[in-house]
Visitor: 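Quick one: this structure, given as structure tokens, is what I'll be asking you about.
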Amino acid sequence: MDSVFFLAGFQIEGTLVAPPKRSYWIEDTIRHWILFRSVRGLTVTDGGTIDGNGKIWWQNSCKVNTKLPCRQAPTALTFYSCTNLKVNNLEVLNSQQIHISMERCSNVRMSRLSIRAPGTSPNTDDIHITHSKDVKVMDCAIKTGDDCMSIEDGTENLHVKNIVCGPGHGISIGSLGDRNSQAQVANITIDGVRLHDTTNGARIKIWQGGRGYAKNIVFKNMIMDNVRDPIIIDQNYCDSATPCTKQKAAVEVSNVLFKNIRGTRASREAIKLSCSKAVPCHGIALHNVRLTLKRGGGDAKSTCQNAKRRKLGTVMPQPCSLND
């Protein structure tokens with residue numbers, strides 16, 4: 001069992017810059033650059049900058065050069081098993097991999113964060129949350145090469161408000177269920193997010209073969225500008241060099257609301273509900289959704305597979321036919 005430390009505040013002034021060479025890191029500690037572990041009542045603040053100096057790591061990523069082996073890279077700022085935590089008024093940029101990771105934390109408030117990396121930087125999720133509960137994230141500006149937010153297994157009671165995201169991969173629940181694992185995500189509200197030039201908007205991504213649930217999820221009051229896939233539930237997610245085989249199990253997706261979402265998309269497919277045949281999605285609702293092509297012309301498109309859904313108010317494009 002970890003000891004619990006009490007710390008009133010940690011101020012970051014000026015700029016902290018990570019070592020420029022990968023050789024400076026040892027295998028036992030490569031996962032973390034700055035780590036706060038088992039601290040209660042911590043406030044991290046004061047307008048400083050954390051610079052991950054990640055360019056050399058991106059150049060040697062297997063996502064950039066598939067001939068290279070896939071290896072771990074540091075997370076710039078990690079909070080592990082912290083309670084009553086406040087993180088505000090910080091700039092985090094150019095992380096080697098994930099920018100900020102929240103793991104096994106509770107009662108967390110994050111606000112006024114500026115997080116950025118080039119749109120081509122691989123695996124640079126900006127805010128990563130897993131096995132954490134009672135978390136609020138507010139008033140942040142995010143630019144990245146991966147998920148603006150990745151919300152993974154064990155996240156419960158998360159409220160996100162007033163986020164600007166782009167470029168990046170949007171706001172993602174998941175991925176969940178990889179390697180036939182169990183995942184539990186519940187009571188997630190994403191409210192007041194503006195996305196521009198992202199690959200995805202409001203997304204739930206799940207591998208086949210897992211188990212557990214993703215439920216009681218709300219995406220609302222979102223504005224999208226040139227987003228490739230604005231609304232997507234994908235229970236057949238596969239980020240693998242080899243094809244993923246069809247399986248009879250999946251993390252169950254239920255009670256998901258997409259409400260008051262408008263803007264422009266970069267592709268014809270504005271709504272994609274791709275659910276498992278073995279474990280269909282249910283309780284999916286679309287309420288007042290209006291998505292049009294960025295450059296005008298052509299009809300919008302939606303696809304639905306194994307998704308029990310309903311629409312409320314005006315939904316454009318129509319969420320598939322009732323027979324899909």
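Note: hydrogens, waters and symmetry copies are ignored here, and every other heavy atom, side chains too, is used.
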Visitor: What closest approach, in Å, do N89 and L113 show between heavy atoms, and which atom pair accounts for it?
Guide: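 Taking N89 first and L113 second, the nearest heavy atoms are N-CD2, 4.1 Å.
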Visitor: List the atom of L176, the atom of A214, and the distance in Å for their closest heavy-atom pair.
Guide: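 Of all heavy-atom pairs spanning L176 and A214, the closest is CD1-CB, 4.0 Å.
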Visitor: How far apart are the closest heavy atoms of S121 and A117, and which atoms are they?
Guide: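 Minimum heavy-atom contact is OG-CB, 3.5 Å.
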Visitor: Looking at T124 and G145, would you say the former's side chain and the latter's main chain have a donor-acceptor pair under 3.5 Å?
Guide: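 Flag set: sc T124 to bb G145 pair under 3.5 Å.
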Visitor: Would you please name every residue forming a ring-ring contact (aromatic ring centres under 6.0 Å, His included) with Y237, sequence neighbours left out?
Guide: W207
Visitor: Rounded at 0.5 Å granularity, tell me how far CD1 in I232 sits from OG in S274.
Guide: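 Between I232 CD1 and S274 OG, I get 7.5 Å after rounding to 0.5 Å.
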Visitor: Pick from T314, I261, L312, V315: which one makes a side chain to side chain contact (heavy atoms under 4.5 Å, CB included) with L286?
Guide: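 Exactly one option meets the side chain to side chain contact (heavy atoms under 4.5 Å, CB included) with L286, and it is V315.
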Visitor: Can you name the nearest heavy-atom pair linking P122 to K63, along with the distance?
Guide: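 Nearest heavy atoms, P122 then K63: CB-CB, 3.8 Å.
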Visitor: If the threshold is 4.0 Å, N to carboxylate O, is there a salt bridge linking R116 and D126?
Guide: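 Salt bridge absent between R116 and D126.
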Visitor: Distance alone, cut at 3.5 Å: any donor-acceptor contact between the side chains of S150 and H128?
Guide: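 Yes, because at least one side-chain N or O of S150 sits under 3.5 Å from a partner of the opposite role on H128.
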Visitor: Tell me whether M102 shares a hydrophobic cluster with V137, the cluster being built from Ile, Leu, Val, Met, Phe, Trp, Tyr side chains joined at under 4.5 Å.
Guide: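 Linked, M102 and V137 end up in one cluster.
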Visitor: Is it true that a side-chain atom of E91 and a backbone atom of S114 form a donor plus acceptor pair closer than 3.5 Å?
Guide: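 Side chain of E91 to backbone of S114: no pair is present.
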Visitor: Hey, what's the ring geometry for F219 with F258, parallel, tilted or perpendicular (30° and 60° as the breaks)?
Guide: parallel
Visitor: What residue among V193, D191, T189, I190 forms side chain to side chain contact (heavy atoms under 4.5 Å, CB included) with K161?
Guide: D191
Visitor: Could you check if a side-chain atom of N306 sits within less than 4.5 angstrom of a side-chain atom of C281, using non-hydrogen atoms only?
Guide: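 A side-chain contact is absent here, since even the closest heavy-atom pair is not under 4.5 Å.
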Visitor: Could you tell me if the side chain of N123 sits less than 4.5 Å from the side chain of W58, heavy atoms only?
Guide: no
Visitor: Between E269 and T303, is a side chain to side chain donor-acceptor pair (under 3.5 Å) present by the stated rule, with each step listed?
Guide: CA-CA 7 Å; E269 193 168 50; T303 59; 2.8 Å; yes
Visitor: So do the side chains of R228 and T198 get within less than 4.5 Å of each other, counting heavy atoms only?
Guide: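 Sidechains of T198 and R228: no contact.
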Visitor: Examine I142 and V87 and state if one hydrophobic cluster contains both, with Ile, Leu, Val, Met, Phe, Trp and Tyr joined whenever side-chain heavy atoms are less than 4.5 Å apart.
Guide: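 As far as the 4.5 Å side-chain criterion goes, V87 and I142 are connected within one cluster.
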Visitor: Evaluate side chain to side chain donor-acceptor pair (under 3.5 Å) for S172 paired with R203, printing each intermediate quantity in order.
Guide: CA-CA 5 Å; S172 293; R203 174 166 69 156; 3.1 Å; yes
Visitor: Any side-chain heavy-atom pair from I129 and M149 closer than 4.5 angstrom?
Guide: yes
Visitor: Between W57 and W25, what is the ring plane arrangement, given parallel below 30°, perpendicular above 60°, and tilted in between?
Guide: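 Aromatic pair W57/W25 classed perpendicular.
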Visitor: Testing the basics here: between V251 and A183, what is the closest heavy-atom pair and its distance to 0.1 Å?
Guide: CG2-CB, 4.2 Å
Visitor: So which of D46, I50, I34, V92 actually passes side chain to side chain contact (heavy atoms under 4.5 Å, CB included) with I12?
Guide: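 Output: one option passes, namely I50.
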Visitor: Is it true that a side-chain atom of Q235 and a backbone atom of S276 form a donor plus acceptor pair closer than 3.5 Å?
Guide: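 Between the backbone of S276 and the side chain of Q235 there is a qualifying donor-acceptor contact (under 3.5 Å).
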Visitor: Under a 4.5 Å side-chain heavy-atom rule over Ile, Leu, Val, Met, Phe, Trp and Tyr, are F10 and I115 clustered together?
Guide: yes
Visitor: Examine distances only and state if a side-chain atom of S95 and a backbone atom of Q97 form a donor-acceptor pair shorter than 3.5 Å.
Guide: yes
Visitor: For the atom pair CG (D147) and SG (C165), what is the distance rounded to the nearest 0.5 Å?
Guide: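 Nearest 0.5 Å value for the CG-SG distance: 8.5 Å.
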Visitor: Quick one, D234 with I204, criterion side-chain contact (heavy atoms from CB on, under 4.5 Å). Give me CA distance, side-chain angles, the key distance, then yes/no.
Guide: CA-CA 6 Å; D234 186 2; I204 300 173; over 6 Å; no
Visitor: Is any side-chain heavy atom of I217 closer than 4.5 Å to a side-chain heavy atom of L257?
Guide: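 When only atoms from C-beta onward are counted, L257 and I217 do not touch, as no gap falls below 4.5 Å.
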Visitor: Compare all side-chain heavy atoms of I223 with those of R262 and state whether any distance is below 4.5 angstrom.
Guide: yes
Visitor: Report whether L16 and L77 are members of the same hydrophobic cluster (ILVMFWY, side-chain heavy atoms less than 4.5 Å apart, transitive linking).
Guide: yes
Visitor: Rounded to the nearest 0.5 Å, what separation is found between the SG atom of C304 and the CD1 atom of I284?
Guide: 10.0 Å
Visitor: What do the steps show when you test N226 against D197 for side chain to side chain donor-acceptor pair (under 3.5 Å), and what is the final call?
Guide: CA-CA 5 Å; N226 198 38; D197 302 305; 2.9 Å; yes
Visitor: Compare every heavy atom of I163 with every heavy atom of M138, then report the nearest pair and how far apart it is.
Guide: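 Heavy atoms only, the tightest pair is C-CD1, 4.3 Å.
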Visitor: To the nearest 0.5 Å, what is the distance between OG1 on T78 and NE2 on H99?
Guide: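 Atom-to-atom, T78:OG1 and H99:NE2 are 12.0 Å apart.
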Visitor: Under a 3.5 Å distance rule, please check whether R265 uses its side chain to pair with a backbone N or O of L291 as donor and acceptor.
Guide: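 Checking the backbone N and O of L291 against the side chain of R265, a donor-acceptor pair under 3.5 Å is found.
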Visitor: Would you compute the distance between atom CD of Q96 and atom CZ of R22 and round it to the nearest 0.5 angstrom?
Guide: 11.5 Å
Visitor: Short question: side chain of N88, backbone of S111 - any donor-acceptor pair under 3.5 Å?
Guide: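 Answer holds: no.
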Visitor: Does T130 offer a backbone N or O that forms a donor-acceptor pair with the side chain of S132 under 3.5 Å?
Guide: yes
Visitor: Okay, side chain of S254, backbone of H282: is any donor-acceptor separation there less than 3.5 Å?
Guide: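 No: the side chain of S254 does not pair with the backbone of H282.
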Visitor: Please evaluate residues I231 and V289 with respect to the criterion side-chain contact (heavy atoms from CB on, under 4.5 Å), reporting the C-alpha separation (whole Å), side-chain torsions for both, the decisive distance (0.1 Å), and the verdict.
Guide: CA-CA 10 Å; I231 294 175; V289 175; 3.9 Å; yes
Visitor: Do V256 and V227 sit in one hydrophobic cluster, given that two such residues count as connected whenever their side-chain heavy atoms are within less than 4.5 Å of each other, even indirectly?
Guide: yes
Visitor: If only atom types and distance count, is the side chain of N53 paired as donor or acceptor with the main-chain N or O of A18 below 3.5 Å?
Guide: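 Yes, N53 side chain to A18 backbone: donor-acceptor pair under 3.5 Å.
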Visitor: Mind checking the CG-NZ spacing from N94 to K55? Nearest 0.5 Å is all I need.
Guide: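 The CG atom of N94 sits 10.0 Å away from the NZ atom of K55.
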Visitor: Whether D178 and K205 form a salt bridge (side-chain N of Lys/Arg under 4.0 Å from carboxylate O of Asp/Glu) is what I want to check.
Guide: no
Visitor: Does T83 form a side chain to side chain donor-acceptor pair (under 3.5 Å) with N107? I'd like the steps, not just the answer.
Guide: CA-CA 6 Å; T83 59; N107 193 19; over 6 Å; no
Visitor: Take C105 and C82 through the test disulfide (SG to SG under 2.5 Å) and record every step on the way to the result.
Guide: CA-CA 5 Å; C105 295; C82 295; 4.7 Å; no
Visitor: Would you say the side-chain atoms of T155 pair up with the backbone N or O of E152, donor to acceptor, closer than 3.5 Å?
Guide: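 Yes.
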Visitor: Are D225 and R194 close enough that some pair of their side-chain heavy atoms sits under 4.5 Å apart?
Guide: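 The answer is no; the side chains never approach within 4.5 Å.
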Visitor: If you apply the rule side-chain contact (heavy atoms from CB on, under 4.5 Å), what do you find for R109 with K86, and how did you get there?
Guide: CA-CA 5 Å; R109 302 295 180 267; K86 295 180 181 179; 4.3 Å; yes
Visitor: So V185 and Y213, side-chain contact (heavy atoms from CB on, under 4.5 Å) or not? Walk me through it.
Guide: CA-CA 6 Å; V185 172; Y213 57 78; 5.9 Å; no
Visitor: Taking atom NZ of K311 as the centre, report whether more than 12 heavy atoms of other residues, nucleotides or ligands fall under 6.0 Å from it.
Guide: yes
